[in-house]
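Please read all numbers here as calculations on a predicted model, not as lab measurements.
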Amino acid sequence: MTALNTPTRRVATAVALAAGATLALSACSAGQITQTSEQVAAINGTNTDAGSLALRNVHIIYPDSEEYSIEPGGTALLGFTIANLDGYRDDVLTGIETDFAGSVTGADSIEIPALGSVVAGVSPETAKLVESVDESPQPTSPEDTPIVPAGVETVELVDLKEGVRPGLTIPLTFSFQEAGDVTLSVPVDAGPLLERNESEMSPIIGDAH
């Protein structure tokens with residue numbers, strides 16, 4: 001097994017922190033909606049690699065405000081982390097397409113620098129945490145190029161179609177200038193636990209043997 005060099009390890013650590021941050025944000029969003037402790041765990045996002053790019057925790061964030069909705073015609077936030085593990089060549093996200101939305105905004109011309117990363121679906125405060133993952137002195141040799149702080153983007157799926165429901169997946173195609181196209185099955189966050197409606201026909205817990 002080949003060991004990762006120092007800059008690549010830093011990028012991998014930043015990716016893990018950012019992916020965890022977007023997942024935690026999704027769980028918090030569900031709690032804000034219900035205002036109770038009854039909620040299901042957020043679904044892990046999709047992970048894949050496209051050339052030297054690592055796409056992590058790609059998911060549709062369950063709405064946490066009136067601005068967003070996963071109902072037909074609504075707008076939803078997309079969460080993801082993309083890291084460029086190439087030490088020399090930049091790449092560009094040129095767009096995201098899906099049949100489950102009228103358009104995807106904020107996803108065109110997003111630069112992903114060599115040994116850098118881009119995060120969507122997190123707050124600026126969380127992004128600063130990702131950026132500060134490595135506070136050690138930076139190497140000066142050309143082969144040890146320091147990593148670039150994570151960029152923060154807001155990517156939205158606008159005019160959602162039928163079928164975007166909690167716990168289900170929809171296909172999204174990411175297009176990159178260098179890495180080409182990659183299509184993912186992207187999950188929708190599970191959201192809050194729905195209230196259970198009981199009737200006289202409902203089984204009584206504890207009576208079954």
Enquirer: Any chance you could measure Asp64, atom CG, to Leu77, atom CG, to the nearest 0.5 Å?
Expert: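 If we round to the nearest 0.5 Å, Asp64:CG and Leu77:CG are 7.5 Å apart.
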Enquirer: Once rounded to the nearest 0.5 Å, what's the spacing between atom CG of Leu85 and atom CG of Leu53?
Expert: 8.0 Å
Enquirer: According to ring pair (Phe, Tyr, Trp, His ring centres under 6.0 Å), does anything in residues 168-189 pair up with another residue at least two apart or in another chain? List the pairs.
Expert: Phe80-Phe174
Enquirer: Can Val92 be reached from Leu55 by stepping across I, L, V, M, F, W or Y side chains whose heavy atoms are under 4.5 Å apart?
Expert: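 Looking at the clustering, Val92 is in a separate group from Leu55.
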Enquirer: Please report the interatomic distance CD1(Ile82) to CD1(Ile110), rounded to the nearest 0.5 Å.
Expert: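 Ile82 CD1 to Ile110 CD1: 7.0 Å, rounded to 0.5 Å.
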Enquirer: Who pairs with Asp49 by salt bridge (charged side-chain N to carboxylate O under 4.0 Å, His left out), at least two apart in sequence or on another chain?
Expert: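 Arg56.
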Enquirer: At their closest point, which heavy atom of Gly87 faces which heavy atom of Leu115, and how far apart are they?
Expert: CA-CG, 3.7 Å
Enquirer: Which side chain to side chain donor-acceptor pair (under 3.5 Å) pairs, counting each pair once, include a residue from residues 66-79, with sequence neighbours left out?
Expert: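 Passing the test, one end in residues 66-79: Tyr68-Glu156, Glu71-Arg165.
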Enquirer: Can you confirm whether Pro187 sits close enough to Thr169 that some side-chain heavy atom of one is under 4.5 Å from a side-chain heavy atom of the other?
Expert: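 Result yes, sub-4.5 Å side-chain heavy-atom pair found.
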Enquirer: Under the side-chain contact (heavy atoms from CB on, under 4.5 Å) criterion, do Leu172 and Leu157 qualify, and how do the steps go?
Expert: CA-CA 10 Å; Leu172 294 180; Leu157 279 70; 4.2 Å; yes
Enquirer: Test side-chain contact (heavy atoms from CB on, under 4.5 Å) on Ile60 and Leu78; report intermediate values, then the result.
Expert: CA-CA 5 Å; Ile60 296 170; Leu78 184 64; 4.1 Å; yes
Enquirer: What pairs meet the salt bridge (Lys or Arg N to Asp or Glu O under 4.0 Å) rule with one or both residues in residues 167-188, with sequence neighbours excluded?
Expert: Arg89-Glu178
Enquirer: If you look only at distance, which donor and acceptor atoms sit under 3.5 Å apart when one is on a side chain in residues 96-109 and the other is two or more places apart or in another chain?
Expert:
residue: Thr98; atom: OG1; partner: Phe100; partner atom: N; Å: 3.1
residue: Thr98; atom: OG1; partner: Pro171; partner atom: O; Å: 2.8

Enquirer: If every non-hydrogen atom of Asp91 is compared with every non-hydrogen atom of Asn84, which pair is closest and at what distance?
Expert: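 The pair with the smallest heavy-atom distance is N-ND2, 3.8 Å.
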Enquirer: Looking only at heavy atoms, what is the nearest atom pair of Asp189 and Ile61, with distance?
Expert: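 Residues Asp189 and Ile61, closest heavy atoms: OD2-CA, 3.3 Å.
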Enquirer: What closest approach, in Å, do Val182 and Thr48 show between heavy atoms, and which atom pair accounts for it?
Expert: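 Closest approach of Val182 to Thr48, heavy atoms only: CG2-CG2, 4.1 Å.
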Enquirer: Counting distance only, does the side-chain N/O of Asn57 pair as donor-acceptor with the main-chain N or O of Gly45 below 3.5 Å?
Expert: yes
Enquirer: If I take atom CG from residue Leu93 and atom OG from residue Ser175, how far apart are they, to the nearest 0.5 angstrom?
Expert: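 Between atom CG of Leu93 and atom OG of Ser175 there are 7.5 Å.
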Enquirer: With sequence neighbours left out, write down each residue that passes side-chain hydrogen bond (donor to acceptor under 3.5 Å, both in side chains) with Thr94, or none if nothing qualifies.
Expert: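 For Thr94, no residue satisfies side-chain hydrogen bond (donor to acceptor under 3.5 Å, both in side chains) once neighbours in sequence are set aside.
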Enquirer: Looking at every non-hydrogen atom in both residues, tell me the closest pair between Asp159 and Gly73 and how far apart they are.
Expert: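 Reported closest heavy-atom pair: OD1-CA, 3.6 Å.
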Enquirer: Any donor-acceptor pair under 3.5 Å linking the side chain of Asp90 with the backbone of Ala114?
Expert: yes
